[in-house]
J.: 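Here's a structure for you.
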Amino acid sequence: QVETLESARAGPALLGPAAPLEQRVAQLGYTDKLSLEPLLTSIVEDWAKTRELPGSEWRTAGMLRPLFSRWVETGAVQAMKAAGAITDPVLQAAAVEACAAEWALRDDFAAYQTAAVVPVWTTEQNALRTIAHHSASADPQRAMRTIQRLNLHVIPLGIHAGAAWLRAAP
């Protein structure tokens with residue numbers, strides 16, 4: 001019985017790379033940070049095979065968000081670099097958005113400061129816009145102060161944060 005209790009505390013046995021992708025993503029809460037990059041590689045490979053199928057963008061986005069949620073917990077800068085390194089532009093944009101959204105929910109100030117680690121300028125702008133949207137949705141006034149404090153004179157960021165602030169106004 002002690003052995004059963006120990007295995008229950010450790011969580012379920014992790015699935016290997018041959019397991020269905022959705023099941024591996026479902027186990028992200030038990031995954032260590034060394035397993036995140038191979039899982040992203042599997043998602044990228046799956047996307048290459050299924051991108052023309054109806055609903056594949058939604059399916060893939062549904063796997064990217066929990067992956068980057070977990071990855072941001074273990075190392076947000078590495079997560080953003082991995083998202084920016086994806087070569088497919090559609091998948092890269094979805095990955096950067098998922099990563100930026102998760103990072104903004106945890107630490108929008110650090111997310112803003114480090115969004116420049118993404119190697120593509122338009123991707124950096126997408127990351128900043130996503131961070132502005134999510135941080136402004138949570139606390140519009142704080143988002144505006146952060147944008148001003150970091151001296152981010154990017155008009156769309158102010159528009160995103162300002163629009164969220166107006167929506168939250170009584």
J.: Sorted by first residue and then second, give each ring-ring contact (aromatic ring centres under 6.0 Å, His included) pair with at least one member in residues 44-68; sequence neighbours left out.
T.: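 Checked against ring-ring contact (aromatic ring centres under 6.0 Å, His included) - neighbours excluded - the pairs reaching residues 44-68 are Phe68-Trp71.
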
J.: Rounded to the nearest 0.5 Å, how far does CD of Glu22 lie from CZ of Arg24?
T.: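 The distance works out to 10.5 Å.
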
J.: Any non-hydrogen side-chain atom of Val72 less than 4.5 Å from a side-chain atom of Asp107?
T.: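 Val72 does not reach Asp107 side chain to side chain.
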
J.: Using a 4.5 Å cut-off on heavy atoms from C-beta on, say whether the side chain of Val44 contacts that of Thr87.
T.: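 With C-beta onward as the side chain, the pair stays apart.
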
J.: With no hydrogens and no angle check, is any side-chain donor or acceptor of Thr50 less than 3.5 Å from a backbone partner on Ser56?
T.: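 Pair absent, no side-chain N/O of Thr50 close to backbone of Ser56.
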
J.: Residues in side chain to side chain contact (heavy atoms under 4.5 Å, CB included) with Pro66, at least two apart?
T.: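 Residues passing side chain to side chain contact (heavy atoms under 4.5 Å, CB included) with Pro66: Val25, Leu28.
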
J.: Check for a donor-acceptor pair, side chain of Gln92 on one end and backbone N or O of Gly84 on the other, with a separation under 3.5 Å.
T.: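 Between the backbone of Gly84 and the side chain of Gln92 there is a qualifying donor-acceptor contact (under 3.5 Å).
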
J.: Considering all heavy atoms of both residues, which atom of Cys99 and which atom of Ala76 are nearest to each other, and what is their separation?
T.: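 So the minimum-distance heavy-atom pair works out to SG-O, 4.4 Å.
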
J.: Shared ILVMFWY cluster between Leu21 and Leu91, side chains joined below 4.5 angstrom?
T.: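 Yes; tracing contacts between hydrophobic side chains, which count when under 4.5 Å, links both residues.
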
J.: So, using salt bridge (Lys or Arg N to Asp or Glu O under 4.0 Å) as the criterion, who are the partners of Arg65 when residues are at least two apart?
T.: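 Checked Arg65 against salt bridge (Lys or Arg N to Asp or Glu O under 4.0 Å); matches are Glu102.
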
J.: Can you tell me how far CG of Leu36 sits from CD1 of Ile43, rounded to the nearest 0.5 angstrom?
T.: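 Taking CD1 in Ile43 and CG in Leu36, the distance rounds to 9.5 Å.
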
J.: Which pair of non-hydrogen atoms, one from Leu64 and one from Ala94, has the smallest distance, and what is that distance?
T.: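 Closest pair (atom of Leu64, atom of Ala94, distance): CD1-CB, 3.8 Å.
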
J.: What residue pairs, at least two apart or across chains, pass salt bridge (charged side-chain N to carboxylate O under 4.0 Å, His left out) with a residue in residues 47-57?
T.: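 Sorted result for residues 47-57: Arg51-Asp88.
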
J.: Got a sec, which pairs hit salt bridge (charged side-chain N to carboxylate O under 4.0 Å, His left out) with one end in residues 67-77, sequence neighbours left out?
T.: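 Those involving residues 67-77 are Arg70-Glu73, Glu73-Arg106.
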
J.: For the CD atom on Glu37, are there more than 12 heavy atoms of other groups (residues, nucleotides or ligands in this structure) within a distance under 6.0 Å?
T.: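 No, because the 6.0 Å sphere around CD of Glu37 holds 12 heavy atoms or fewer from other groups.
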
J.: Pair Asp46, Arg59 - check side chain to side chain contact (heavy atoms under 4.5 Å, CB included), show working.
T.: CA-CA 10 Å; Asp46 182 71; Arg59 179 179 165 269; 2.4 Å; yes

